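One structure is given here, and the rest of the page talks about it.
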Amino acid sequence: MNAYKRFDKLVPKEEKNRIDYRVRMEDILELPELKFNPFKERICKVFSTSDKKDGSLDFDDFLDFLSAFSESATLEIKSHYAFHIFDFEDDGTLGRQDLKQLVNCLTGKADKTSLTADEMKQLINNILAESDIDKDGTVNLSEFQHVISRSPDFVSSFKIVL
Amino acid sequence: MAGNFDLNQPLMGAGLESPADEEGVHVSFSQLIAEQIGESPDGFELQQLQRALNDEDRDYVGELGSAFEYPGRGLNDMEGEDDDGGETDPQDGLPWSSATLKILSSMPSRTIGRSRGAILSQYYNKTLQLRRRGQSRSSLRDFSRSSRPTIRGYGMEVDTTDGPESEMKKKKERLVNNLQNLSVGERLKMLRGMPVSVAEKKELRRLTLQKDKPPPSSSKIPCCSQLKFYIIIAARHSWYSWLSFLHSLQPWQFLFKRIGGRFGTGVLSYFQFLKTLLLFNVFLFLVTFAFLVLPQAMHPTELPVGVRTFSGLELISGAGLFTDTVMYYGYYSNSTLQKSCAREHNASASTDHDCVSERLSYNMPLAYFFTIGMSFFITCIILVYSMSKSFGRSFRIDKSYSILAMKVFSSWDFRVIKKSSVELMSQNNCTQLREILAEVVQKKEKNGGCQALWRLMVHGLAWAICIGGTAGCVISVYFFSEYMHQDLQRTSRQTNTHPLLKEASLLALPALVSLLNLLLPSLFSLAAWMEEYHSPSVRTYVALGRNLMLKVSVLAVLCYHWLGRVAANPSDINLMCWETFVGQELYRFLIMDFIFTLLNTLFGELLWRLFSRNVLRRSRNPAFDIARNVLDLIYAQTLAWIGVLFSPLLPAVQILKLLLLFYVKVTSVMMNCQVPRRPYRVSQMTTIFITLLCFPSFLGASVCVTYTMWSIKPSSSCGPFRGLRTMFQAGKRWVQELEKNNPDLSVLARVHAYLVENPFFLFVGAGIFLIVIYFYSQVVDGQRKVIELLQEHIEEEGAHKKYLISKLQNMHESKKRIPRRLRSQDSGC
């Protein structure tokens, strides 16, 4: 019920009667839970099932989003969606560029908090050495899930409460 | 794709030996794929392969563009890196042709999870396995390390891109078929676990249910089953609305969200732990209230002495007016309570039926004994269950570290929504990543011997300070308690001391203990400040260990003081009822602890924040020390558990205390503290806290209570166990009486005698327990070995894949070159 109320607030008045109205991405990004999250655009793109690929969500997508981030979602669902959120280039694996963008999101945009190019290279090399089991230079979904299954903090941090 | 490399596949080798034999490669590929699916080969993939390999003129590189990672870099990883982090395309990597790139982009490992077809196939396999359940894998014991186990039985999925609609429909049908054959519970679980959109799940569910039973037309249902139908729907509606009502009623949900949003999951775990403790106490309170307090309150006993007046000191000292109330052990009668009987309750336990009444009778001593026993037993079960669940969540078999990868993938706390907190978290992440990176690099350098020695000395010094502090604390508590005891002896002999003064002097010991509990952890953190540790988690564990050591030793000394000194010779201090006195002591300790915590939180943290801001000129607020606060909570809970036997209303006091503490802590955290800088591994720490609650705390309390019940003589003039040799005798007596009245139950009595009192049975039980633990540890070891084996296997498969791709590429290049040469030759002529 709560979810419906929140979603309803985002729908403009004239469209309230349409069942399958899609809320635009810009409106979703204004939600307080997502406003300062560096992954907000990726979240919208991943959960959106619109044909135009513009990141708009209808109510079903919104429910998808909430259920993936809820307490009762299994590790498998969470890791599946996390993988797609982190896959900035949308190519099905986490390559060097994806990892670099991920680390930049984690450390913020400010100058003093980002890593130097050397540190970044070292970091990405280490990550790939640790998690790329078949040594193809990228982290695919199975390898990602393998790493995540060993990290017990993932489930508790991958949560959004409305 | 690269699944089955049995050594009895000579076709593969033969196909690659002659590079011109491209057909051979095609056939073996499609055979491979066919073997994986286990059905007739899908013509679609073969066609796609052929199409891709044959088409050289159309260049799709533009489409693929920068969205594709040059696999060449993967190869180069093994040879050493000299490119600069991926901005420019490598000039030295093998340039894959567009056809190869297209094939690579549709490889299962890249598209798994993206195409719905792949997910459906994956879940089809899973449901198939659930259905069969008897699928036995070849035992790995028989394989030597050199031969690789086939993973055919593990259900490799091959996926197609979203091709023709018929493919999807077929897959869906197969999946729906499987889903129908599962039980309802499993079906629900499977559907919930599928990472597809809600629309898809609805569709699947509809299809599954549709095939189950054909929807009956409403005219055919007789009216009584229609009514049943309506009732079921109405019941379900009301159940859902009740659930949502309960959910909204959950206390503190909004507060938890605010705290989590500002401070992250670490600080939130402290408040969740507080809530857990509150629930334990509520349970204890309800049980003791229902079975002990209420019956006794309805049959008030006569007070032995005259009326006491209420002075404010009662609230803190628990003595005075509170002494002869339902609150303490001494008030409880020791005989069977009966309703409309005007009999005197005297010392001997009586079961005489002179007073016949049709009301129920309530055997107070038995009720007391069993209530305390059962509540401890149930608390034990709940604790062990939550501990094992939490442990299972955080324990990982695999010993290999992948700290950096884990940190990068799982360190973003999605709960945090406040802007300043997000910025702080980003800063923290940056610092932590740098630290871990430095650690990883540093591990390769060896420390000089001199530095190691110096570090060892510093550690030794810090430990010496901590142990010395603890020992000093323990000794001072011991001697002070002895002094107070003698002081009490003296004052009890004199009769002209003011009673209020006497009560106030009883507060001295609790105040001292609380003060020591407050100051010594600061000393420990000061000592730890000069040490350096390999990793922050070791630092946390050491701090936790030292604080725990302090609290356990203090509690041990206090228990000795109460049970060893006070209970042994109660007449020394002129006590009629030593249990009531001990209950009051515990009450005093709880209240004093609470007062000191309040003062520390309100003033201490505020002062420290002002001090660090203005004097030390730090730009950040102090961090909330989660470990220390949780240990304080555990300490208070241990006191409450010890005290339930002597003061059945103590859980109520603890509940009030926890409620107040919650709001005070929330306010203080919001005002004074900040996101902790050190990385905090939430689920591991939560496991540790629950374990600490179970092992030293609850175990110690139950050992204390059991010892009291088993071997200490209860006082002879008050309480429900007066006149008995030990409290345990109440239970034994009841069993003997049952046996007397009902000879058939003598078996039970004999069984009871053997089980509980015979130590042999305990040894046998412990032996069996140890054997089971050993067995499980061997299983875990075996699983570790399997993981290593499988990882090696995957690496080898990766090497195979690269080899195949490069061979394919070479073949393709040579094939392109030959026609060009022919064409140039033609044009030349």
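Protein chains get the first letters and strands the later ones, always in sequence-line order, with residue 1 at the start of each. Owing to the predicted nature of the structure, the values given are computational and were not obtained by experimental measurement.
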Given 3.5 Å as the limit, does a donor-acceptor pair link the side chain of A:Lys135 with the main chain of B:Glu796, or not?
no
Answer with yes or no after comparing the ring centroid distance for B:Phe409 and A:Phe154 against a 6.0 Å cut-off, counting only values under it.
no
So which part of A:Lys159 gets closer than 4.5 Å to some heavy atom of chain B, the side chain, the backbone, both or neither?
both
Most heavy-atom pairs under 4.5 Å with chain B, out of A:Ser79, A:Pro38, A:Ala129, A:Pro32, belong to A:Pro38
Going by side chain to side chain contact (heavy atoms under 4.5 Å, CB included), name the residues that satisfy it together with B:Lys418, two or more places apart in sequence or in a different chain.
B:Arg262, B:Ser420, B:Ser421
With a 4.5 Å heavy-atom cut-off, do B:Met406 and A:Val147 have their side chains touching?
yes
Chain B shares the most heavy-atom pairs under 4.5 Å, among A:Leu102, A:Leu123, A:Ile124, A:Leu34, with A:Leu123
For residues B:Ser411 and A:Leu106, determine if any side-chain heavy atom of one lies less than 4.5 Å from a side-chain heavy atom of the other.
yes
Is B:Val408 in contact with chain A via its backbone, its side chain, both, or neither, using a 4.5 Å heavy-atom distance?
both
Donor-acceptor under 3.5 Å (B:Glu795 side chain, A:Asp134 main chain):
no
Could you tell me which non-hydrogen atom of A:Thr107 sits nearest to which non-hydrogen atom of B:Asn429, and how far apart they are?
CG2-C, 4.5 Å
Hey, what do you get for CG (B:Leu790) to NE2 (A:His146), rounding to the nearest 0.5 Å?
9.5 Å
Do any of residues 39-46 of chain A have a heavy atom less than 4.5 Å from a heavy atom of chain B, and if so, which, in residue order?
A:Phe39, A:Ile43
Which of these, A:Tyr81, A:Phe36, A:Phe69, A:Phe65, sits in a ring-ring contact (aromatic ring centres under 6.0 Å, His included) with B:Phe414?
A:Phe69
If you tally heavy-atom pairs under 4.5 Å against chain A, which of B:Asp413, B:Val416, B:Thr687 wins?
B:Asp413
Are any non-hydrogen side-chain atoms of A:Asn37 and B:Trp412 less than 4.5 angstrom apart?
yes
Nearest-0.5 Å distance, CD1 of residue B:Ile794 to CD of residue A:Glu143
7.5 Å
Which is it for A:Asp136 and B:Lys801 under the salt bridge (Lys or Arg N to Asp or Glu O under 4.0 Å) test, yes or no, and what are the steps along the way?
CA-CA 9 Å; A:Asp136 65 347; B:Lys801 183 170 81 180; 3.8 Å; yes
Below 4.5 Å from any heavy atom of chain B, which atoms of A:Phe86 appear? Answer side chain, backbone, both or neither.
side chain
Find the distance between NZ (A:Lys78) and OG (B:Ser410) and round it off to the nearest 0.5 Å.
13.0 Å
Counting only non-hydrogen atoms closer than 4.5 Å, does B:Leu268 touch chain A with its backbone (N, CA, C, O), its side chain (CB onward), both, or neither?
neither
Is the shortest side-chain N to carboxylate O distance from A:Glu33 to B:Lys257 below 4.0 Å?
yes
